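Comments concern the structure below.
Just so it is clear, the model here is predicted, and its values are computed rather than measured. Position 1 is the first residue of the sequence, and the numbers go up from there. When a ligand or atom number is given, it counts from 1 through the structure's own listing order.
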Amino acid sequence: MDHFTLRNGVLHAEDVPLTAIADAVGTPVYVYSRATLTRHARVFRDALSILPSVHIAFAVKANPNLAVLKLLAKEGYGADVVSGGEMDRALAAGMAAEGIVFSGVGKSEAELIRALECGIGQFNLESEEEGIELAALANARGLTASAALRVNPDVDAGTHGKISTGKAENKFGVPYDTAGEIYARLAVLPGLNMRGLAVHIGSQLAKLDPMESAFAQMGELMRAIRAAGHEITHMDLGGGVGVPYKAGDVFPSPAEYAEMVARVTSGWDVTLMFEPGRVIAGNSGVMITRVIRVKPGASCPFVIVDAAMNDLARPALYDAWHDFLAVEPTGERMTANIVGPICETSDTFAMGREIDVVKAGDLAIFRTAGAYGATMANTYNSRALVPEVMVDGDRWALVANRIDPATILAAEHVPEWLE
Ligand SMILES: *Cc1c(COP(=O)(O)O)cnc(C)c1O
């Protein structure tokens with residue numbers, strides 16, 4: 001459920017007509033609904049309240065906007081970060097260092113040191129080598145780093161190949177078969193407090209079964225590691241819960257997810273950690289775009305919009321679907337290709353899609369753009385970096401400026417020897 005609805009013929013975010021935001025800020029622009037974000041955060045948290053001990057760390061990479069993180073911090077969320085930059089954002093949003101989990105397959109030495117000095121709550125180790133390095137860095141500073149070992153359970157998440165992370169050939173985690181030995185070797189290193197295991201098999205999962213079998217395997221491994229005399233107090237079950245992008249798509253609800261987790265983890269006696277990203281932020285945001293013009297195509301017209309793959313990369317990267325709706329629909333429908341202005345064929349949002357009739361100058365939105373949207377934006381083709389707005393009831397605020405090409409140009413230099 002979200003708060004983007006048609007009122008008196010105009011799409012609104014909560015009580016604000018999207019036309020007002022487009023007029024004031026220009027397009028393209030991302031718009032987040034505070035009420036929707038808050039609702040998703042609470043529904044997910046409340047669903048997990050059937051479990052004995054829970055820590056929820058929002059996957060910052062899904063939407064790292066400072067205002068979004070602030071809202072989630074107020075809802076009691078910690079953060080799952082994958083870089084020093086994301087860690088700084090989570091801290092700037094007021095999240096407690098001990099509630100932050102540092103994931104990521106290639107944490108640099110500098111990042112590990114900064115995270116240690118900040119007192120980050122848990123490092124999710126992606127290899128034995130990383131654990132040895134972290135232990136030495138912590139020990140040299142008289143610190144102890146709490147850590148979990150990320151395990152690759154070799155399960156097929158059943159999602160798009162580019163967002164699958166739990167197959168043996170993927171770069172993430174350590175192989176399931178050797179995880180027990182690696183844990184045992186890391187557990188005795190000074191400077192390291194091995195406290196658990198972590199798993200994350202992929203994103204936009206439509207079915208619970210792959211997660212359930214991965215979690216069950218993790219339970220087996222946990223028991224084996226405990227039997228070998230090591231302590232496990234935390235189990236990090238990652239993120240990955242999918243959201244519907246298309247009308248008619250059916251996805252497991254947070255309640256069904258929580259029931260599955262409760263069933264698999266019964267008797268584990270640990271703090272369960274979760275790293276949701278998309279399920280919190282996805283439906284909380286839309287991107288407004290304006291139609292530049294419509295031109296004839298071979299089988300149907302091209303609707304050329306002022307947003308492009310640099311502003312919303314998911315269709316180009318993952319063949320992703322985003323619903324496209326006119327901000328002021330007439331009720332008529334047309335079949336069209338929706339494309340951006342960038343000089344790449346992959347700058348295509350939809351082919352042969354049935355959509356609201358739109359013409360040059362009309363506003364439209366791409367729905368479900370709150371996760372992996374603005375955060376992936378770039379300035380390819382020397383375009384501006386897309387701005388972000390948050391709505392709260394009948395008020396709204398710019399929460400990220402548009403960074404125009406002139407500002408980016410000003411950060412470039414021609415060496416003297418080229419003058
Ligand atoms: C990306 C990622 C997440 C979040 O995934 P969602 O599908 O957005 O929930 C959680 N944990 C890790 C380690 C990730 O890489």
Side-chain angles (χ1 to χ4, degrees), residues 37 40-41 43-45 47-48 55-65 68-69 72 77-83 85-87 90 99-107 120-127 130 147-153 155 157-167 170-174 196-208 210-211 214-215 218 234-245 251-254 257-258 261 272-285 313-314 317-318 320 368-376:
L37 266 169
H40 290 175
V43 165
F44 195 77
R45 189 185 62 202
L48 295 180
H55 176 68
I56 311 179
F58 175 66
V60 171
K61 75 177 194 283
N63 190 326
N65 181 276
V68 169
L69 298 183
L72 292 171
Y77 276 57
D80 172 57
V81 303
V82 294
S83 70
E86 286 192 352
M87 183 180 81
I100 298 178
V101 179
F102 199 166
S103 298
V105 77
K107 305 174 197 78
I120 282 325
Q122 178 172 300
F123 293 81
N124 283 357
L125 304 175
E126 294 266 355
S127 64
E130 185 190 339
L149 183 62
R150 178 160 177 187
V151 178
N152 184 327
V155 298
T159 185
H160 192 282
K162 288 186 180 163
I163 46 176
S164 285
T165 56
K167 288 285 289 166
N170 295 142
K171 68 179 175 179
F172 299 98
V174 301
L197 300 171
V199 67
H200 171 75
I201 61 170
S203 197
Q204 183 56 5
L205 271 59
K207 297 233 154 47
L208 293 175
M211 284 198 242
F215 298 167
M218 298 299 282
H234 291 72
M235 291 289 281
D236 185 337
L237 302 183
V241 180
V243 301
Y245 279 87
F251 276 80
S253 67
Y257 173 72
V261 171
L272 290 172
M273 302 172 70
F274 297 90
E275 303 168 348
R278 191 188 309 271
V279 71
I280 306 297
N283 278 311
S284 307
R314 298 188 64 259
L317 270 181
Y318 315 128
T368 321
Y372 307 103
T375 179
M376 284 192 184

Kindly confirm or rule out a cation-pi arrangement of K107 over F102, judged by NZ or CZ under 6.0 Å from the six-membered ring centre and within 45° of its axis?
yes
How would you list, by chain and number, every residue that makes a ring-ring contact (aromatic ring centres under 6.0 Å, His included) with Y245, sequence neighbours excluded?
H322
Please work out, at 4.0 Å between heavy atoms, whether the side chain, the backbone, both, or neither of A59 comes within that distance of ligand 1.
side chain
For ligand 1, which atoms, with element, lie under 4.0 Å from some heavy atom of G277?
6 (P), 8 (O), 9 (O)
Separation of N152 CG from K171 NZ (nearest 0.5 Å):
12.5 Å
Which of the atoms in ligand 1, numbered in the order shown and given with their element, are less than 4.0 Å from a heavy-atom of R278?
6 (P), 8 (O), 9 (O)
Quick one: does G240 get a heavy atom under 4.0 Å from ligand 1?
yes
Which of the ligand 1 atoms, numbered from 1, are nearer than 4.0 Å to a heavy atom of Y372:
1 (C), 4 (C), 5 (O), 6 (P), 8 (O)
State the atoms of ligand 1, each with its element, that fall below the 4.0 Å cut-off from a heavy-atom position in R150.
13 (C)
Is the closest heavy atom of D80 to ligand 1 under 4.0 Å?
yes
Sole residue of N63, T375, I280 in side-chain contact (heavy atoms from CB on, under 4.5 Å) with V68
N63
Do Y257 and F274 have side chains that approach each other closer than 4.5 Å (heavy atoms only, starting at C-beta)?
yes
For atom 15 (O) of ligand 1, what's the nearest protein heavy-atom neighbour? Residue, atom name and distance, please.
K61 NZ, 2.8 Å
Which residue and non-hydrogen atom of the protein lie closest to atom 7 (O) of ligand 1, and at what distance in Å?
S203 OG, 2.3 Å
Of all the non-hydrogen atoms in the protein, which one sits nearest to atom 11 (N) of ligand 1, and at what distance?
E275 OE1, 2.5 Å
Taking I56's backbone N and O only, do any of them form a donor-acceptor pair with R45's side chain (distance below 3.5 Å, no angle check)?
no
Does the pair Y372 and K61 meet the rule for a side-chain contact (heavy atoms from CB on, under 4.5 Å), with working shown?
CA-CA 7 Å; Y372 307 103; K61 75 177 194 283; 3.8 Å; yes
